[in-house]
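Residue numbering restarts at 1 for every chain, and letters A, B, ... go by the order of the sequence lines.
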Amino acid sequence: MGHQIKRGVSLYSFQNDTFLRKMSLEDCIRTCAEIGATGIEVVGEQSFTGWPEVGMPMAEIAHWHALMEKYGTHPVCHDFMLDYKRVKGQMMSFADQVASVKRDIDFGAALGMPCIRALVSISPEVLVACASYAEDKGIKILIEIHAPLHFDHPWIVRHAEAYEKSGSKALGYLPDMGMFLHRFPRVWKQRFIRNGVPQHIADHIEKAYEDRVLSEYVLLDVREMGGTGPSLAMAETLRHNAAFEPKRMLEFMHRIHNIHGKFYEMTEDDVEYSIPYDEIVAVLKQGGYRGHICSEYEGNRWVEDAEEVQSVEQVKRQHRMLCRLLDETMPAALKA
Amino acid sequence: MGHQIKRGVSLYSFQNDTFLRKMSLEDCIRTCAEIGATGIEVVGEQSFTGWPEVGMPMAEIAHWHALMEKYGTHPVCHDFMLDYKRVKGQMMSFADQVASVKRDIDFGAALGMPCIRALVSISPEVLVACASYAEDKGIKILIEIHAPLHFDHPWIVRHAEAYEKSGSKALGYLPDMGMFLHRFPRVWKQRFIRNGVPQHIADHIEKAYEDRVLSEYVLLDVREMGGTGPSLAMAETLRHNAAFEPKRMLEFMHRIHNIHGKFYEMTEDDVEYSIPYDEIVAVLKQGGYRGHICSEYEGNRWVEDAEEVQSVEQVKRQHRMLCRLLDETMPAALKA
Amino acid sequence: MMDQHMLCDDGFENVVRNGQTTGFALQARLPYYRGLGLSMVEDIAITVDGQAVAREAVRLSLRGRSWSLDEMERCFDEKWNFGEKARVEVAQPGGLTAGDHHVDIAIRYRVSYLPFVPTTRTGRPLTLAA
Amino acid sequence: MMDQHMLCDDGFENVVRNGQTTGFALQARLPYYRGLGLSMVEDIAITVDGQAVAREAVRLSLRGRSWSLDEMERCFDEKWNFGEKARVEVAQPGGLTAGDHHVDIAIRYRVSYLPFVPTTRTGRPLTLAA
Ligand SMILES: [Mn+2]
Ligand SMILES: [Mn+2]
């Protein structure tokens with residue numbers, strides 16, 4: 001089946017290495033280029049210093065463009081934040097929020113990004129108010145549909161209604177594949193056990209997730225099993241039960257312009273343990289999706305207490321999987 | 001637009017009157033007949049004594065049929081319970097659950113019901129195991145899709161997959177219109193204020209619901225506003241945020257055979273304050289729905305502490321609304 | 001729900017057996033929208049004038065049959081029907097004095113499909129017949 | 001996340017000004033996946049050998065500029081960048097003795113889109129240079 005789906009990486013995936021300066025921006029981009037993931041996404045406030053409080057780091061932006069040129073990669077998305085609680089105990093005004101988003105549109109444009117990612121908590125009115133500014137800059141603002149939210153949640157319905165009403169093509173969605181979490185991640189379970197959850201309670205919660213049981217029932221079970229702090233915390237992850245259906249993306253495909261290839265654990269067989277990428281990619285092909293799937297490794301925070309985070313190896317495994325699912329020839333750097 | 005949607009009442013609506021013996025079963029049925037709501041739904045364990053612990057109350061069943069005959073009404077649905085925690089600290093076995101559901105199929109059949117209502121917590125395997133028994137008795141088992149669940153919740157997705165896989169037409173859905181709660185009910189807000197929620201916190205929660213804000217954010221707001229017990233309880237109702245979209249019923253219409261016309265407050269203008277029945281009825285017409293909408297008044301528990309519950313008046317108002325939306329001539333008893 | 005209807009005005013009286021006042025009784029309804037099999041009624045806590053009654057002192061009776069609260073939890077063939085008045089007897093030698101007493105009742109019941117075990121309470125002054 | 005990297009092994013030392021030991025310092029990183037404007041860092045709580053340090057005694061410095069914790073909450077034009085080592089100075093006349101001390105740190109930071117205000121903690125023995 002023909003398709004135009006492209007592979008990319010969010011540098012978020014390498015956060016443990018960049019935090020400790022084990023990898024530089026150039027190391028990250030070279031790694032992506034080597035594995036044929038030529039689309040690069042960044043969290044602006046992670047990969048660049050000072051932004052937005054101090055202003056645009058012009059030298060770093062120039063370096064970014066030089067790296068794109070050098071490695072044959074291209075900008076895909078700048079994930080922006082909008083800290084509307086910058087002042088303690090005070091919500092940023094509507095006008096200031098709009099102004100702040102416009103600055104991130106400028107920042108995205110300076111990086112050559114076709115898209116910027118809005119966090120799901122931003123209200124639709126703010127984004128609608130920025131739509132024509134974004135259009136002028138050739139930027140699409142994509143709200144990240146992220147668990148516990150999903151395409152049928154009333155908050156997202158409200159966004160969808162506002163976008164359709166605006167008539168602007170500059171507003172769209174960036175679904176995070178974490179909302180299709182069809183199994184309880186093994187790395188989560190192991191971490192909760194290290195945090196003190198008894199094995200039989202961890203097993204019960206994992207099974208209840210598998211059975212799609214309403215979180216409230218599982219919390220009652222855990223309390224009746226004598227579960228305390230860490231056990232209740234593990235059960236509460238089910239409040240954010242996120243085993244939604246990939247096919248629900250189809251109705252919204254005309255506004256989907258980027259995808260977070262969220263993953264928690266790529267096994268040695270190059271399979272994500274909890275997220276059904278075969279089903280996801282089939283839906284994306286069916287819907288004629290033409291953007292990137294950008295790796296977003298988030299197993300890091302679940303394993304870092306017990307082992308060294310293997311960001312690069314995990315990303316490579318995901319791209320071996322994506323090459324397989326997207327019928328791509330595997331670059332040399334991905335071959336075992 | 002032509003349609004085959006019929007009006008009915010669940011006697012659940014009159015529960016405060018029947019609990020206090022102010023209305024008999026005959027009073028309920030006469031009331032329904034007078035307002036042209038000829039389809040009658042019951043909660044078996046509310047309208048009949050002894051069932052299921054003591055056995056079938058044969059005299060009461062005979063009386064039921066006599067009343068149907070006398071008033072020209074017809075049985076629509078028996079809402080059954082399946083108390084799988086009958087023994088303290090012990091879950092009923094799968095086999096016993098199946099046997100229990102089969103007894104409720106028998107009870108439904110004895111009452112002449114085309115459908116029985118299964119609570120949403122029952123696992124799909126139990127219902128699938130009862131499907132052919134139900135078919136033989138001419139009964140459909142309908143799982144009630146009820147907030148906080150909805151058609152796109154993973155637990156319901158699991159039911160839907162199991163029903164399709166079973167191939168049985170005896171398995172279906174009974175959506176409760178409470179999942180299309182587009183405003184925070186006024187009677188809830190007033191009750192929470194009587195319970196001690198400060199006005200400004202109640203206003204904030206109501207507004208947040210209107211804005212479809214994720215419940216977790218509202219809970220944080222309320223804590224920061226100094227909200228305690230009743231305020232947190234009011235905010236927690238948003239965990240069950242249920243402003244889903246009526247049009248999501250369309251995909252499942254082939255298995256929808258009854259509808260709970262849940263309502264909390266019919267205003268003097270014969271409009272439900274929080275549930276968009278105009279939109280709901282339009283979707284049902286569009287989908288070619290051919291069953292009943294059975295009134296299910298649940299404002300009772302929200303007002304009973306402050307005023308006498310007006311069950312009959314509330315049900316009458318809903319049927320005036322339904323006559324309007326269904327293009328029906330209004331029976332004399334409904335005219336003001 | 002039905003909270004204020006849990007306690008009935010009628011039936012609040014001393015229990016006299018063989019000329020001895022062995023306790024007192026009141027009438028109560030289950031605060032729910034349907035009946036429940038007795039095994040699912042976990043507790044009926046009675047307080048009179050601020051004094052809590054021991055669980056062991058309480059018996060429930062329906063239509064001529066009666067149970068201690070522990071027995072009730074093992075009874076699978078009877079039902080406290082919707083709106084049905086049950087007689088709740090409390091063993092208390094000498095019973096209560098005639099006149100007004102503040103009575104509180106709290107019923108805990110297990111409902112299979114609820115993700116919590118509700119306790120419903122009410123209380124008000126009742127008048128004991130002389 | 002990044003909990004164990006909040007405390008750095010290097011930079012744990014006494015602060016000497018004009019020949020007087022006025023306190024001690026350590027280096028810390030913000031335990032988050034991006035930088036934060038300083039106004040969103042609500043607290044940096046330091047405990048040495050089980051003794052908590054007063055909030056007023058703590059200052060944060062970055063690239064030659066420094067703030068008390070209260071000043072930091074009103075600073076809107078600087079940022080504690082991702083992975084950046086900040087110097088945390090604690091005023092404590094006489095400083096600490098050379099050698100090992102158990103140091104605990106807890107950073108509370110406000111993240112606009114989180115429905116709670118996280119506090120991240122870590123602690124371990126650090127060696128103060130003589
Ligand atoms: Mn994401
Ligand atoms: Mn219902």
Side-chain angles (χ1 to χ4, degrees), chain A residues 10-24 42-55 57 60 79-92 97 100 118-122 144 146 148 239-240 296-306 308-309, chain D residues 1-10 27-43 55 60 62-65 67 69-86 107-124:
Chain A
S10 169
L11 303 190
Y12 178 96
S13 304
F14 304 125
Q15 59 179 265
N16 289 63
D17 307 275
T18 49
F19 186 89
L20 295 175
R21 312 307 190 226
K22 292 179 180 173
M23 283 176 84
S24 65
V42 297
V43 174
E45 296 186 43
Q46 176 181 88
S47 293
F48 296 87
T49 55
W51 181 257
E53 285 82 0
V54 185
E60 292 180 30
D79 299 3
F80 74 99
M81 295 299 172
L82 183 47
D83 277 311
Y84 45 67
K85 292 187 178 177
R86 203 171 283 278
V87 181
K88 195 174 186 173
Q90 196 177 309
M91 187 73 175
M92 191 182 279
Q97 289 190 48
S100 178
L119 279 168
V120 72
S121 52
I122 299 178
E144 181 170 358
H146 191 294
R239 278 242 171 83
H240 313 284
E296 202 184 54
Y297 175 47
E298 200 169 285
N300 35 38
R301 64 173 76 170
W302 295 94
V303 304
E304 60 174 8
D305 64 307
E308 195 167 353
V309 176
Chain D
M1 73 208 75
M2 319 286 189
D3 308 17
Q4 70 269 51
H5 303 303
M6 290 164 72
L7 275 182
C8 305
D9 291 317
D10 53 322
Q27 292 202 101
R29 299 187 190 93
L30 183 72
Y32 201 48
Y33 69 78
R34 60 162 173 128
L36 280 181
L38 292 191
S39 67
M40 292 170 276
V41 179
E42 297 197 344
D43 198 29
R55 174 178 167 91
L60 180 111
L62 283 170
R63 287 163 268 120
R65 215 175 140 187
W67 302 264
L69 297 188
D70 286 351
E71 287 164 359
M72 192 166 64
E73 292 201 69
R74 294 188 300 269
C75 172
F76 300 100
D77 65 349
E78 253 305 351
K79 179 157 205 152
W80 193 352
N81 287 296
F82 175 73
E84 185 178 23
K85 290 181 183 179
I107 302 183
R108 187 173 82 238
Y109 46 107
R110 186 171 66 253
V111 176
S112 302
Y113 44 85
L114 291 182
F116 52 89
V117 181
T119 299
T120 308
R121 302 162 197 283
T122 196
R124 67 167 179 273

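- Taking OG of D:Ser39 as the start and NZ of A:Lys85 as the end, the distance is 13.0 Å to the nearest 0.5 Å.
- D:Leu38 has its side chain out of reach of A:Glu53: every pair of non-hydrogen atoms, C-beta onward, lies at least 4.5 Å apart.
- With respect to chain D, the highest number of heavy-atom pairs below 4.5 Å among A:Met81, A:Met91, A:Met92 belongs to A:Met81.
- Interatomic distance, CZ of D:Arg34 versus CG of A:Asp83, reported as 4.0 Å (0.5 Å rounding).
- Judged purely by atom type and a 3.5 angstrom limit, D:Asn81 uses its side chain to pair as donor or acceptor with the backbone of A:Gly50.
- The two residues D:Arg110 and A:Val87 come nearest to each other via the heavy atoms NH2-C, 3.7 Å.
- Residues A:Arg86 and D:Phe76 come closest through the heavy atom pair O-CE2, 3.7 Å.
- For the atom pair D:Arg74 CZ and A:Lys88 NZ, the distance stands at 11.0 Å (nearest 0.5 Å).
- By the side-chain hydrogen bond (donor to acceptor under 3.5 Å, both in side chains) test, A:Ser121 pairs with A:Tyr84, sequence neighbours left out.
- When A:Phe19, A:Tyr12, A:Phe48 are each tested for a ring-ring contact (aromatic ring centres under 6.0 Å, His included) with D:Phe82, only one passes: A:Phe19.
- With a threshold of 4.5 angstrom between heavy atoms, D:Leu30 approaches chain A through N, CA, C or O but not through any side-chain atom.
- Checking side-chain atoms of D:Gln4 against main-chain N and O of A:Glu304 turns up a donor-acceptor pair under 3.5 Å.
- Both the backbone and the side chain of D:Glu78 come within contact range of chain A, each with at least one heavy atom under 4.5 Å from a heavy atom of that chain.
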*Would you please test A:Trp51 and D:Lys79 for side-chain contact (heavy atoms from CB on, under 4.5 Å) and show each step?*
CA-CA 8 Å; A:Trp51 181 257; D:Lys79 179 157 205 152; 5.7 Å; no
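- With a 4.5 angstrom heavy-atom cutoff, A:Leu82 touches chain D only via backbone atoms.
- Around CZ of D:Arg55, the count of heavy atoms belonging to other residues, nucleotides or ligands within 6.0 Å exceeds 12.
- Contacts of A:Thr18 with chain D are made by both backbone and side-chain atoms, with heavy-atom separations under 4.5 Å.
- Applying the side-chain hydrogen bond (donor to acceptor under 3.5 Å, both in side chains) criterion to D:Arg65, with sequence neighbours excluded, gives D:Asp77.
- Atom CE in D:Met1 sits 7.5 Å away from atom CD in A:Glu298 (nearest 0.5 Å).
- No part of A:Asn300 comes within reach of chain D, as not one of its non-hydrogen atoms sits under 4.5 angstrom from that chain.
- Of the listed residues A:Asp305, A:Val120, A:Asn16, A:Leu20, the one with more heavy-atom pairs under 4.5 angstrom with chain D than any other is A:Leu20.
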